[in-house]
Amino acid sequence: MDSLAFIPVGERPLAVDAQALANQPMRLDISESSRVLACVVSRSSLFDCIRERQYDDPHLLVLKDKVQHDDARDVTIGDDGVLRMQGRICVPNVDGLQELILVEA
């Protein structure tokens with residue numbers, strides 16, 4: 001839900017800073033009027049690559065189909081759209097992603 005509010009001239013620099021923070025990978029939590037908690041939210045580009053390429057792997061497509069038809073016990077698709085088996089991310093066997101992870105580890 002959006003809201004519109006009048007911001008006095010003296011508070012505009014603060015509002016501009018808050019807007020700049022909102023556009024960053026950061027979460028602001030204003031639970032008390034005198035405190036603001038800023039938390040940086042980061043995601044790995046490798047994670048994004050895995051998520052984007054998961055369904056290019058024919059084996060993972062079979063798992064996805066099972067999840068969608070409620071035939072999978074230990075396989076889930078999370079709110080982030082990532083296929084997981086027993087809570088672990090399924091890494092597709094495409095474009096050398098599995099080898100890249102093994103080399104980096």
Side-chain angles (χ1 to χ4, degrees):
M1 173 184 262
D2 293 334
S3 63
L4 180 63
F6 173 76
I7 300 173
V9 173
E11 294 177 14
R12 285 187 186 156
L14 178 60
V16 170
D17 289 343
Q19 181 63 41
L21 287 173
N23 291 330
Q24 299 295 320
M26 184 175 295
R27 193 180 117 228
L28 295 177
D29 181 20
I30 306 171
S31 58
E32 296 180 29
S33 61
S34 62
R35 298 181 184 166
V36 175
L37 172 66
C39 174
V40 175
V41 179
S42 66
R43 279 175 82 157
S44 166
S45 61
L46 180 59
F47 178 83
D48 291 334
C49 187
I50 289 169
R51 183 184 63 222
E52 292 167 7
R53 301 303 309 271
Q54 274 190 330
Y55 304 120
D56 293 341
D57 184 323
H59 297 355
L60 296 184
L61 279 174
V62 171
L63 288 177
K64 177 186 176 190
D65 188 54
K66 286 183 177 184
V67 170
Q68 291 175 335
H69 291 96
D70 294 327
D71 291 336
R73 284 190 258 161
D74 297 331
V75 183
T76 59
I77 298 175
D79 293 338
D80 54 6
V82 176
L83 185 68
R84 290 180 170 81
M85 181 177 283
Q86 296 179 346
R88 296 182 179 194
I89 296 171
C90 297
V91 179
N93 191 18
V94 294
D95 294 340
L97 280 174
Q98 291 179 346
E99 291 80 16
L100 176 67
I101 291 170
L102 291 172
V103 170
E104 295 292 326

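Please read these numbers as outputs of a predicted model, since none were measured by experiment.
Every residue meeting the side-chain hydrogen bond (donor to acceptor under 3.5 Å, both in side chains) condition with D74, not counting sequence neighbours, appears here in chain and number order: Q86. Residues that satisfy the side chain to side chain contact (heavy atoms under 4.5 Å, CB included) test with Q98, not counting sequence neighbours, are V91, N93. By the side chain to side chain contact (heavy atoms under 4.5 Å, CB included) test, D56 pairs with R53, V94, sequence neighbours left out. For the side chain to side chain contact (heavy atoms under 4.5 Å, CB included) test, residues two or more places apart in sequence or in another chain that qualify with D71 are K66, H69. Checked against side chain to side chain contact (heavy atoms under 4.5 Å, CB included), I77 has the following partners two or more places apart in sequence or in another chain: Y55, K64, V67, L83.
Atom CG of D65 and atom CG of L60 lie 12.5 Å apart (nearest 0.5 Å). With values rounded to the nearest 0.5 angstrom, I50 atom CD1 is found 6.0 Å from L97 atom CG.
Across D57 and H59, no two heavy atoms sit closer than the pair OD1-N, 2.8 Å. Of all heavy-atom pairs spanning M85 and V75, the tightest one is CE-CG2, 3.7 Å.
Summarising the hydrophobic clusters (Ile, Leu, Val, Met, Phe, Trp, Tyr; side-chain heavy atoms under 4.5 Å, direct or chained), the residues clustered with V62 are none.
No donor-acceptor pair closer than 3.5 Å links the side chain of Q54 to the backbone N or O of V82.
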